[in-house]
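Following: one structure in structure tokens, then a few remarks.
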There are 2 protein chains.
Amino acid sequence: MGATKTDNYTDEQNKIALLLKALGHPARIAIIEYLIKVNSCICGDIVNEIKLAQPTISQHLKELKNVGIIKGSIEGTAICYCIDETVWNQIQAYFENINLKLIEKSTNCC
Amino acid sequence: MGATKTDNYTDEQNKIALLLKALGHPARIAIIEYLIKVNSCICGDIVNEIKLAQPTISQHLKELKNVGIIKGSIEGTAICYCIDETVWNQIQAYFENINLKLIEKSTNCC
DNA sequence: CATATCTATCGTAATATTGCAATATTAAAA
DNA sequence: TTTTAATATTGCAATATTACGATAGATATG
């Protein structure tokens with residue numbers, strides 16, 4: 001136990017869960033919001049922005065990159081990160097789809 | 001360590017992170033999708049739908065209820081769960097807001 | 001080359017999550 | 001009241017996550 005039983009679910013369910021799990025930490029939310037705020041992609045002053053040690057930020061960036069929410073390109077000694085809009089749109093589409101269904105059949109009993 | 005340092009972040013960041021974290025597990029995604037599919041709210045045949053033990057499902061339901069994504073009303077010996085559209089709309093609004101900003105300034109360097 | 005800078009990785013401690021068996025709780029039904 | 005059915009809670013084992021210090025790797029600059 002302790003490990004998620006991914007076999008029980010569809011690939012889609014597993015995928016969206018992984019994406020949302022990656023966003024399910026305030027540090028990673030803060031990173032995303034910062035990346036959006038500074039417009040042009042930003043490298044390691046995320047460490048200055050968020051009160052966490054550099055290895056911790058690096059770890060969070062890695063997680064976001066692993067699921068495809070952000071991407072980074074090397075720029076000299078620094079690395080330029082930014083949001084991958086493709087994956088982001090997938091997340092948005094998922095929520096929109098569910099919202100449509102919710103509106104469609106709004107026969108709540110609770 | 002091992003505990004998230006919530007003090008570093010805004011209330012909003014912590015809140016949205018908690019909501020997305022709650023959705024960041026395939027079982028809970030499956031529960032949400034099932035609740036939507038069966039339209040009228042459903043009780044404990046979620047256990048039949050998803051291959052997990054009853055206490056495990058109960059635990060996942062509790063987590064979803066804790067953050068307000070679902071609500072349940074007692075109906076005799078069964079409990080009727082359904083999605084709380086208020087919180088759901090908050091999540092959607094969050095993503096929409098970010099998407100707007102993404103479109104606004106789409107000067108990606110990666 | 002030596003040094004400084006930026007980022008990643010490793011190792012590890014503290015804590016959280018996942019999942020289940022056993023058991024408790026609650027309310028309908030017999 | 002006894003029984004049955006539906007959920008919740010408890011306790012626990014296995015695993016995952018979070019965070020950081022130490023260190024390594026890569027690249028620019030003197």
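Residue numbering restarts at 1 for every chain, and letters A, B, ... go by the order of the sequence lines.
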Rounding to a whole Å, what distance do you find between [X]:[atom1] and [N]:[atom2]?
X	N	atom1	atom2	value
H60(B)	dC20(C)	NE2	P	9 Å
R28(A)	dA19(D)	CZ	C1'	12 Å
I57(A)	dC20(D)	CD1	P	9 Å
N66(A)	dA16(D)	CG	C1'	15 Å
N48(B)	dA6(D)	CG	C1'	12 Å
K51(B)	dG19(C)	NZ	C1'	13 Å
I50(B)	dT18(C)	CD1	C1'	14 Å

Tell me which pairs pass salt bridge (Lys or Arg N to Asp or Glu O under 4.0 Å) where either residue lies in residues 4-15 of chain B, with sequence neighbours left out.
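Every pair satisfying salt bridge (Lys or Arg N to Asp or Glu O under 4.0 Å) with a residue in residues 4-15 of chain B: there are none.
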Approximate separation, where rounding is to 0.5 Å, of [X] [atom1] and [Y] [atom2]:
X	Y	atom1	atom2	value
I74(A)	I79(A)	CD1	CD1	5.0 Å
L19(A)	W88(A)	CG	CH2	9.5 Å
K101(B)	I36(A)	NZ	CD1	7.0 Å
I29(B)	Q13(A)	CD1	CD	7.5 Å
L23(B)	I69(B)	CG	CD1	3.5 Å
Q92(A)	N99(A)	CD	CG	10.5 Å

Does any residue of residues 5-24 of chain B have a heavy atom under 4.0 Å from DNA chain D, and if so, which ones, in number order?
K5(B)
Do the side chains of Y9(B) and I16(B) get nearer than 4.5 Å, heavy atoms only?
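Of all side-chain heavy-atom pairs linking Y9(B) with I16(B), none is under 4.5 Å.
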N8(A) and P26(B), any side-chain heavy atoms less than 4.5 Å apart
no
Could you pull out all donor-acceptor pairs under 3.5 Å where a side-chain atom in residues 46-53 of chain B meets a protein atom, sequence neighbours excluded?
none

With axes from five pairs an end, tell me the bend angle of the helix from dC1(C)-dG30(D) to dA30(C)-dT1(D), nearest 10°.
10°
On DNA chain C, check which nucleotide each of E63(B) and T77(B) is closest to and give me the residue with the more 5' one.
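By nearest-heavy-atom nucleotide position, the 5'-most residue is E63(B).
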Looking for any heavy atom pair under 4.0 Å, which part of the strands does L52(A) touch: base, sugar-phosphate only, or nothing?
sugar-phosphate
Quick test: give all pairs of protein nitrogen or oxygen and nucleotides 8-11 of chain C nitrogen or oxygen below 3.5 Å, distance rounded to 0.1 Å.
{"unit_1": "dA8(C)", "atom_1": "OP1", "unit_2": "Y81(A)", "atom_2": "OH", "d": "2.5"}
{"unit_1": "dA8(C)", "atom_1": "OP2", "unit_2": "S58(A)", "atom_2": "OG", "d": "2.9"}
{"unit_1": "dA8(C)", "atom_1": "N7", "unit_2": "Q54(A)", "atom_2": "NE2", "d": "2.7"}
{"unit_1": "dA8(C)", "atom_1": "N6", "unit_2": "Q54(A)", "atom_2": "OE1", "d": "2.9"}

Show me the donor-acceptor pairs, under 3.5 Å and distance only, between side chains in residues 55-68 of chain B and residues at least two apart or in other chains.
{"unit_1": "H60(B)", "atom_1": "ND1", "unit_2": "R28(B)", "atom_2": "NH1", "d": "2.9"}
{"unit_1": "E63(B)", "atom_1": "OE1", "unit_2": "R28(B)", "atom_2": "NH1", "d": "3.3"}
{"unit_1": "E63(B)", "atom_1": "OE2", "unit_2": "R28(B)", "atom_2": "NH1", "d": "3.4"}

